[in-house]
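First comes the structure, then the notes that go with it.
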Number of protein chains: 2
Amino acid sequence: MKQKITIKTIAKELGVSTSTVSKALKDSHEISAETKERIQAYANYYNYKPNHLALQLRNQKTKVIGVILPKIVHHFFSTVIMGIEEGANLKGYNIMVCFSNESYKKEVETLKVLSNGSVDGIIVSIASETLENKDFKHFKELVSEEIPLVLFDRVVEDILCDKVVVDDVGAGYKATKHLLENGREKIALITTPNHVNVGALRRQGYEKALIESYIKTNKNIIVEIDEEKDIKLQIEKVFDYGIDGIFAVNEIYAANAMKLAKEKGNKVPEDISVIGFTDGLISEYSSPSITTIAQHGFIMGKQAVELLIERIDKEAEVYKPKKIVISSDLKLRESTKPSS
Amino acid sequence: MKQKITIKTIAKELGVSTSTVSKALKDSHEISAETKERIQAYANYYNYKPNHLALQLRNQKTKVIGVILPKIVHHFFSTVIMGIEEGANLKGYNIMVCFSNESYKKEVETLKVLSNGSVDGIIVSIASETLENKDFKHFKELVSEEIPLVLFDRVVEDILCDKVVVDDVGAGYKATKHLLENGREKIALITTPNHVNVGALRRQGYEKALIESYIKTNKNIIVEIDEEKDIKLQIEKVFDYGIDGIFAVNEIYAANAMKLAKEKGNKVPEDISVIGFTDGLISEYSSPSITTIAQHGFIMGKQAVELLIERIDKEAEVYKPKKIVISSDLKLRESTKPSS
DNA sequence: TGTCAACACGAAACCGTTTTCGTGAGTTTC
DNA sequence: GAAACTCACGAAAACGGTTTCGTGTTGACA
């Protein structure tokens, strides 16, 4: 990189001290008009830019927010990033994005790297492996170091920090209720293993809705997908039980299930109604397009970053961790309609 | 944030100088075994972490790479990010991700922020508004400041820096050729406005393939989508011309076109074959699934970051900008088959 | 006993900036 | 004409590390 001009070089060239230059550039009243003029003209001419690193060191602020996501090639998470970035920019922050790739080890390492002072605060959605291990000491350590932390979507209650979540139970309930209201009674659930808490919560909503309609849950038509294995093969078996509705906790599962349903000779939505989660492009562009629960990832990201910056700004204060619950909406499309 | 322990505090507590602490923590031979032992034990016990900012200031290196993307809720770009992140991590770098949101103004601002020393180098895919304006002085300025820069996918030739692109002409040719080989002759092209150069290049490939088959291009069945307006309405008109094939330069256009084709009573792939670009989830999960040109975003990202780091490492050397061309592959799926 | 090398550690400069606290010169004030 | 005050600027510390170059103490050796 080319030799950058610094306050020192300006000072030397103009025969003044660095303090004078610094003040002149800030338009301080301590400096005479003509000196200011000279210095500013020089700085401007040589395109002086203050060195960010030096400022960061001095201010003990980086104006950078760290973000750790389980993955990015995923509609929901990329939407959240957009929200975080917009919220951060509004307050003069930049974001440093890292991925855990759902791995516990990488999450721990990334957290360590980010907590060495490169960022003022961190936003995380927890990796599934970590959720499975139930090992959260890296987060607790962060909290005890008082580094501002906000968890979103995949959160864990006993980490004492701010959180932003969707109302997963309510959303699962809403989705199932919608199918029930369409006259569906044998509703398959395609969900994640139980350690992914969002899956577990949506399942609670599903079960709640069924109970309210006096329908017994049937374990045969509930599938917990193991993403290591072939998704379609795992879903397939539910079709042996004469189902008339499918609730999938994300859009990949929904699309797979719908495709299978069609392959098995069912018409969607006539024979089987399908409802998904995460209002992404797949749901929008598949045919029929899929009714989903929209998670409002953008809003989540923005709320998360606002919460975080608030915490950064009032670092001294003691506080009770806040939890923001974002409501989710039913987005009606072609894959659901009343049974005839 | 809690008071962090620094080398100074350790030095004071243990009654040694900061230089001794620094050396001891680096296992320097200058320090006696027992002193090292004491210092390391203390540092370990109090969980000492060197302050990254201080190191950055001293080394004049941030070990951070800036990335500016036009958007993120997009399969190709999120794949590229994955590649960049992985490549960066391998070399001990982190990435700072920003978005231009296709806006010229935001691109300029973001570039300015990143070039103040917060990053060691920058990777960019240019915003469409910038491509339309043809105003690249912000990039040229960066180059003249000798800040390492790599452009990918949407590049501009007269910015003198490293570049990573897909062979868009070849890919457009390959896609069109595939349709021709399937016996299609009236092939609609759904593309971007010409200022988005990837669109323009793919169009060249399309035209080249047609010419080779002695087919005259028909402007009526070529649509340049204006994303401000309704996409479907713009595509619709091509169906008035009795087409039997569609080549779309991205998967959104492909999905829209296919949906329209079906709504108009055509069978895909029997009546009309459809081929897209960007091998994303939409192509995979729509029905029929869509044959596409896979762009290998992950590889592009990784190559881009490797090029950048190479440049950062040999900053002193004069060099000729390199250009890496990634070949693209045809991914056969259900939406194309020979006409009967 | 004087010389020299090895050892273990410290002082100080440095990275680029901000900020507090002088300080000398000139100007008012009584 | 001395005290007080303003003005315009500089010196130095600070942020948290690293690194170069001493330097005082030992011990070995001639």
Side-chain angles (χ1 to χ4, degrees), chain A residues 1-40 42-43 46-64 113 115-120 145 147 315, chain B residues 1-40 42-43 46-64 115-120 145 315:
Chain A
M1 222 177 303
K2 209 157 148 185
Q3 179 69 8
K4 289 242 174 179
I5 69 156
T6 70
I7 279 201
K8 288 191 185 179
T9 60
I10 300 182
K12 194 172 292 173
E13 288 299 311
L14 266 50
V16 293
S17 75
T18 60
S19 16
T20 305
V21 176
S22 174
K23 289 170 192 165
L25 293 174
K26 302 199 113 52
D27 230 0
S28 160
H29 63 276
E30 289 185 50
I31 308 297
S32 70
E34 52 177 337
T35 309
K36 273 198 260 192
E37 180 69 20
R38 269 174 68 218
I39 293 175
Q40 286 171 3
Y42 187 98
Y46 287 102
N47 193 22
Y48 166 77
K49 293 180 201 166
N51 182 313
H52 225 222
L53 295 179
L55 290 178
Q56 289 177 359
L57 181 58
R58 172 137 244 281
N59 301 330
Q60 300 289 312
K61 289 260 162 85
T62 64
K63 286 283 179 180
V64 175
V113 172
S115 66
N116 66 4
S118 342
V119 300
D120 292 345
E145 286 178 36
I147 295 174
E315 45 169 327
Chain B
M1 226 177 299
K2 207 158 147 186
Q3 179 68 10
K4 287 241 177 183
I5 70 155
T6 70
I7 278 204
K8 289 191 185 177
T9 60
I10 299 183
K12 195 173 292 171
E13 287 299 310
L14 266 47
V16 293
S17 75
T18 59
S19 18
T20 305
V21 176
S22 173
K23 289 171 192 164
L25 292 175
K26 300 198 115 53
D27 230 358
S28 159
H29 64 276
E30 288 186 51
I31 308 296
S32 71
E34 52 177 337
T35 309
K36 273 198 260 191
E37 180 69 20
R38 269 174 68 217
I39 293 176
Q40 288 171 2
Y42 188 96
Y46 287 103
N47 194 21
Y48 166 77
K49 294 180 203 166
N51 182 314
H52 225 222
L53 295 178
L55 292 179
Q56 290 176 356
L57 181 57
R58 172 133 246 279
N59 302 331
Q60 300 290 312
K61 289 262 161 84
T62 65
K63 286 284 179 177
V64 176
S115 66
N116 65 4
S118 345
V119 300
D120 292 344
E145 287 179 36
E315 48 168 322

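- Here dC21(C) is the nucleotide among dC21(C), dG16(C), dT18(D) with the atom lying nearest to any side-chain atom of Glu30(A).
- Residue contacts for Leu57(B): at a heavy-atom cut-off of 4.0 Å it reaches a base atom on one of the strands shown.
- For the side chain to side chain contact (heavy atoms under 4.5 Å, CB included) with Ile7(B), the lone residue among Val21(B), Asn51(B), Thr20(B) that qualifies is Val21(B).
- Heavy atoms of Thr6(B) sit under 4.0 angstrom from primed sugar atoms or phosphate atoms, though from no base atom.
- The nearest whole Å value for the distance from the CG atom in Leu53(A) to the P atom in dG16(C) is 10 Å.
- Here Ile31(B) contributes atom CD1 and Ser19(B) contributes atom OG; the two are 8.0 Å apart, rounded to the nearest 0.5 Å.
- At a threshold of 4.0 angstrom between heavy atoms, the contacts of Lys26(A) are confined to the sugar-phosphate backbone, with no base atom among them.
- Under 4.0 angstrom from either OP1 or OP2 of dC15(D) there lies at least one side-chain N or O belonging to Lys8(B).
- In this model, the phosphate group of dC14(C) is not approached by any side-chain N or O of Gln60(B) to a distance below 4.0 Å at OP1 or OP2.
- For the pair Lys12(A) NZ and dG10(D) P, the interatomic distance rounds to 15 Å; values are reported in whole Å.
- As rounded to whole Å, 14 Å separates atom C1' of dG17(D) from atom CD1 of Ile5(B).
- Summarising the geometry, the separation between CG on Asn59(B) and C1' on dG17(D) is reported as 9 Å, rounded to the nearest angstrom.
- The CG-C1' distance, from Leu14(B) to dA8(C), rounds to 15 Å in whole Å.
- Distance CD1 (Ile39(A)) to C1' (dT17(C)): 14 Å, rounded to an integer number of Å.
- Counting only heavy atoms from C-beta on, Thr18(B) has its side chain closest to dA12(C) among dA12(C), dA12(D), dG16(C).
- Comparing Leu55(A) and Thr20(B) along DNA chain C, the residue whose closest nucleotide (by nearest heavy atom) sits nearer the 5' end is Thr20(B).
- The interatomic distance linking Asn51(A) (CG) with dC14(C) (C1') rounds to 14 Å, in whole Å.
- The closest side-chain heavy-atom distance from Gln56(A) to Lys63(A) is not below 4.5 Å.
- When rounded to the nearest whole Å, the span between NE2 of His29(B) and P of dA8(C) equals 10 Å.
- Using a 4.5 Å heavy-atom cutoff, the side chains of Lys4(A) and Thr9(A) are not in contact.
- Nucleic acid contact for Ser32(A): sugar-phosphate only, since backbone atoms but no base atoms lie under 4.0 Å from a heavy atom of the residue.
- Counting heavy atoms from C-beta outward, Asp120(A) and Val64(A) have side chains that stay 4.5 Å or more apart.
- Dashed line: the shortest gap from a side-chain N or O of Ser22(A) to OP1 or OP2 of dT18(C) is under 4.0 Å.
- Among dT20(D), dT17(C), dA11(D), the nucleotide with an atom closest to any side-chain atom of Lys23(B) is dT20(D).
- Side chain of Ile7(A), nearest nucleotide from dA11(C), dG16(C), dT17(C): dT17(C).
- The residues Glu145(B) and Lys49(A) are annotated as salt-bridged, a charged nitrogen and a carboxylate oxygen being separated by less than 4.0 angstrom.
- Using a 4.0 Å cut-off, no side-chain N or O of Tyr48(A) falls inside it from OP1 or OP2 of dG16(C).
- Residues Ala54(B) and Ser19(A) each lie close to DNA chain D; by heavy-atom proximity, the contact nearer the 5' end of the strand is made by Ser19(A).
- Note on Lys36(A): nothing from the nucleic acid sits closer than 4.0 angstrom, heavy atoms only.
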